[in-house]
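For reference, the structure discussed in these notes is given below.
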Amino acid sequence: MKKNNKALLNGNRGGEMIYLKSSDENNVFAFSRSSEKEKVVAVFNLSNKPVRVEVSGETLTGSYKNYFTGKLESFSTVESFELNPWEYRVYTK
Amino acid sequence: MLAEWDTPEVHQAFDMTYDWDLHHIMNSIAKEEKSAIDLIEHLNKNKKNFPANAFRMQFTSNHDENSWNGTEFERLADGAETFAVLTCLIPDMPLVYTGQEAGNNKRLLFLKKIWLNGKIISCMKSIPNFFN
């Protein structure tokens with residue numbers, strides 16, 4: 001994945017990490033990284049409990065493919081996520 | 001060039017340093033002693049204190065941790081896979097220690113020659129494909 005997505009290049013060669021706001025900031029970490037043409041949005045539940053969280057930010061907007069399931073999804077600037085314990089979501093475009 | 005050290009000043013000579021602090025924060029989050037807020041604070045500190053062209057090396061295991069403190073599954077439990085993905089996606093250099101690409105769940109003897117054959121049973125759903 002890192003090889004194929006320029007947003008994930010290492011250090012300052014890749015896209016800058018822009019944090020997304022999480023309504024559950026103790027447990028959920030989310031960010032986006034963008035290159036000229038590619039983008040990654042990642043949302044992590046860093047707890048062993050299920051969470052329902054609102055994630056928001058200008059850079060959340062867009063149409064993505066869920067990297068692990070292949071499902072296509074579109075996001076606006078605010079989205080709700082229901083995450084299982086330790087669940088992570090990675091969206092790419 | 002990688003320094004086996006973790007402070008900003010060595011970047012005058014080296015390209016990359018181990019991010020031990022983030023590693024310990026991940027271990028602490030898994031033990032419910034720290035939170036995602038501590039993780040963000042640390043990443044902000046990295047950005048402020050290290051040169052822009054510095055690479056921090058991110059790892060959920062390495063030759064010390066695996067041998068002395070346990071595999072990532074012992075330390076991070078069900079969070080092992082989550083933190084493996086996290087360390088690959090933040091703007092740093094991920095380290096994949098021996099066998100992690102296949103989900104090795106054994107402690108390896110420190111600096112001893114070992115033979116990891118194809119019999120490692122993967123403990124991770126999606127990681128092997130993710131690393132490929």
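Hydrogens, waters and symmetry mates are skipped; everything else that's a heavy atom, side chains included, is used. Letters go in sequence order (proteins before strands), and every chain restarts at 1.
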### Task
May I have the step-by-step check of salt bridge (charged side-chain N to carboxylate O under 4.0 Å, His left out) for B:D19 and B:R56, ending in yes or no?
CA-CA 6 Å; B:D19 195 345; B:R56 305 303 324 273; 3.8 Å; yes
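Tested against A:Y91 for a ring pair (Phe, Tyr, Trp, His ring centres under 6.0 Å), the candidates A:F68, A:F75, A:Y67 yield a single pass: A:F75.
Within the 4.5 angstrom heavy-atom criterion, atoms from both the backbone and the side chain of B:L86 approach chain A. Both the backbone and the side chain of B:N44 have a heavy atom closer than 4.5 Å to some heavy atom of chain A. Proximity to chain A is limited to the side chain of B:K47, based on heavy atoms less than 4.5 angstrom apart. Neither the backbone nor the side chain of A:D24 comes within contact range of chain B; no heavy atom of the residue lies under 4.5 Å from a heavy atom of that chain. Contacts of A:N26 with chain B are made by both backbone and side-chain atoms, with heavy-atom separations under 4.5 Å. Both the backbone and the side chain of B:N53 come within contact range of chain A, judged by heavy atoms closer than 4.5 Å.
Top candidate by heavy-atom pairs under 4.5 Å with chain A, chosen from B:A52, B:A36, B:A54, is B:A36.
Side-chain contact annotation: A:S56 with A:T77, donor-acceptor N/O pair under 3.5 Å absent. The closest side-chain donor-acceptor pair between B:E81 and A:Y88 falls under 3.5 angstrom.
Taking the ring centroids of B:F83 and A:W86, they lie under the 6.0 Å cut-off. In this structure, B:W20 has its ring center closer than 6.0 angstrom to the ring center of B:F59.
A salt bridge between A:K6 and A:E38 is absent, with no side-chain N of the basic residue lying under 4.0 Å from a carboxylate O of the acidic one. Between A:K93 and A:E73 there is no salt bridge, since no side-chain N of the basic residue sits under 4.0 Å from a carboxylate O of the acidic one.
Here CG of B:D64 is found 6.5 Å from CD of B:E4. Values are rounded to the nearest 0.5 Å.
Of all residues spanning residues 7-18 of chain A, those with a heavy atom less than 4.5 Å away from chain B's heavy atoms are A:L8, A:N10, A:G11, A:N12, A:R13, A:G15, A:E16, A:M17, arranged by number.
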